[in-house]
Amino acid sequence: MFKKILIANRGEIAVRVIRACHEMGIAAVAVYSDVDRASLHVRKADEAYPIGPASASESYLNIAKILDVAKRSGAEAIHPGYGFLSENSGFARACADAAVKFIGPTAAAMDAMGSKTKARQAMERAGVPFVPGTSRGLESLAEAEQLAKQIGYPIMLKAAAGGGGKGMRLVHSAPELRSALEAARSEAERAFGDSEVYIEKAIVNPRHIEMQVLADQHGHTVYLGERECSLQRRHQKVVEEAPSPIVDADMRRRMGETAVRVAQAAGYTNAGTVEFLLDAQKNFYFLEMNTRLQVEHPVTELVTGLDLVHLQIRIAAGEPLPFSQQDITIRGHAMECRIYAEDPDNNFFPSPGRITLLLAPSGPGIRRDSGMYEGWTVPMDYDPLLAKLIGYGTDRNQAISRLTRALSEYFVGGIKTNITLFRRILRHPEFRAAKIDTGFLDRMLKQKDSTEPDSERDPQAEEVAVIAAGMFAMLGAAGAGAGERANDGAARAPAPSNWKIAGRDEALK
Ligand code: MV4
């Protein structure tokens, strides 16, 4: 087993991996950019090395600097987390060349999944169902017109090098095709330096369900069940859960076995995720494979009882999987909220800044993976994911009620977060009934929220409340009538808790 691992990442995922290292008796090496000197992952690691300025391309994406730290620190392996270099096959190759173990798949397996047209060709050979369409780049508008007519509108144009919705265009009818093709091509060229675009039948308001797989270096591949990831906004996931409320045991087995075939066709090792789109008739289609540990991995950990990061490390060290498919069972229900430093009342505008007060929830069935602490300043240079709050229960309703309770305990002062948004999602009748597809959140955000008290909905009322709270703080809690309320409060609605008032008062300082 490794004695020392370098974590080539920051924030909550770096903290998550450091924790696994420490549980396994492995020393953890952090790297940090100039603006991350005081970040939590640096504080939790056993050693930490600066790797350059805030700009990711000069720090967390700089392969030479990271490998230099690996050499100087004596780290035998690198965990890339998610984002940054995690799906960069050049980095995996550079690690191999430097005799440092990359905790993830081989560069070749990453490349096999990197191009969507290549991946579709491989899936065709492996007999995996994928969305009808072509598996090679479009040559001309005339060819696109002919194929679209065969497949039937609506169709989707996608960049072969794409992912996350970039270079993707939904086309409803033939007259739109020319400009959509031009737009998809130029977006793909700009984003990936590769203008290859292919065509797929569009699935209208699909569900997005993904299957976790694990493969060791001895030819064993297993699936760990699915995650429902349909709740997203602009290709950014917001809430994920496991199991998916619409997947039954038979469908789980069929999807799982398909995911294992996908992984085997790519010569995949370590942890990976196979993404599927589900149509209204519950047909599932292979979409793409993510060759990394995903943000939402904790929901799978909670319902399987497995630790994916421990297993990633053990697989990378050459150990065989310590269980087989029959040993894996799904128990209970888990749901994750992604806490972002962004303002849901102002078009989800990023909200970096200093965290003046942090009241963090815990209690039964609650897991919190966080990269923040009180007094820390959230930098504006990176993804705004601050923390993940995960609820676990015997069933979906219990997971939701625990999560709702924990959200009401969560208070992050000094910056805006999307915590209020989750309260709205979790009590939405359609969400409660699990009627969620990839269009749910946009539809909900367009609706007027009739269940929200006026004070929380009306931005002006909020401003008034802030001014009132400011005056309250200026005058001091005693002088402003905290005592009076204790005397005459009985006649009115229940007075807000003095503890809550004191906490919020503190946040205004
Ligand atoms: C699709 C689709 C419908 N039909 N492909 C969006 C991100 C990229 N990974 C694939 N995406 C989609 N591909 C076909 N043929 C709808 C989406 C899509 C989507 C997929 C997963 C999660 C959220 C989504 C939001 C909008 C569109």
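Counting convention: from 1, in listed order, for ligands and their atoms alike.
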> Mind telling me whether Phe431 and Phe440 have parallel, tilted or perpendicular rings, with 30° and 60° as the class edges?
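Because their plane-to-plane angle lies in the 30° to 60° range, the rings of Phe440 and Phe431 count as tilted.
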> Pairs in or reaching into residues 173-210: which pass ring-ring contact (aromatic ring centres under 6.0 Å, His included), with residues at least two apart or in two chains?
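Qualifying pairs: none.
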> Do we get Arg292 above Phe91's six-membered ring, with its NZ or CZ under 6.0 Å from the centre and within 45° of the axis?
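Negative - Arg292 is either too far from the ring of Phe91 or too far off its axis.
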> Might you list the protein residues in contact with ligand 1, defined as having a heavy atom under 4.0 Å from one of its atoms, sorted by chain and number?
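These residues qualify: Val131, Met156, Lys158, Gly164, Gly165, Met168, Glu200, Lys201, Ala202, Ile203, Pro206, His208, Gln232, His235, Leu277, Leu287, Glu288, Thr438.
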> Taking only Lys NZ, Arg NE, NH1 and NH2, and the carboxylate oxygens of Asp or Glu, determine whether Arg367 and Glu301 approach each other closer than 4.0 Å.
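A salt bridge links Arg367 with Glu301.
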> Do any side-chain atoms of residues 149-160 form donor-acceptor pairs under 3.5 angstrom with protein atoms, and if so which ones, sequence neighbours left out?
from	atom 1	to	atom 2	distance (Å)
Lys158	NZ	Glu200	OE1	3.1

> Can you list every pair that meets salt bridge (charged side-chain N to carboxylate O under 4.0 Å, His left out) and has a residue in residues 124-142, with sequence neighbours left out?
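Sorted pair list: Arg136-Glu143.
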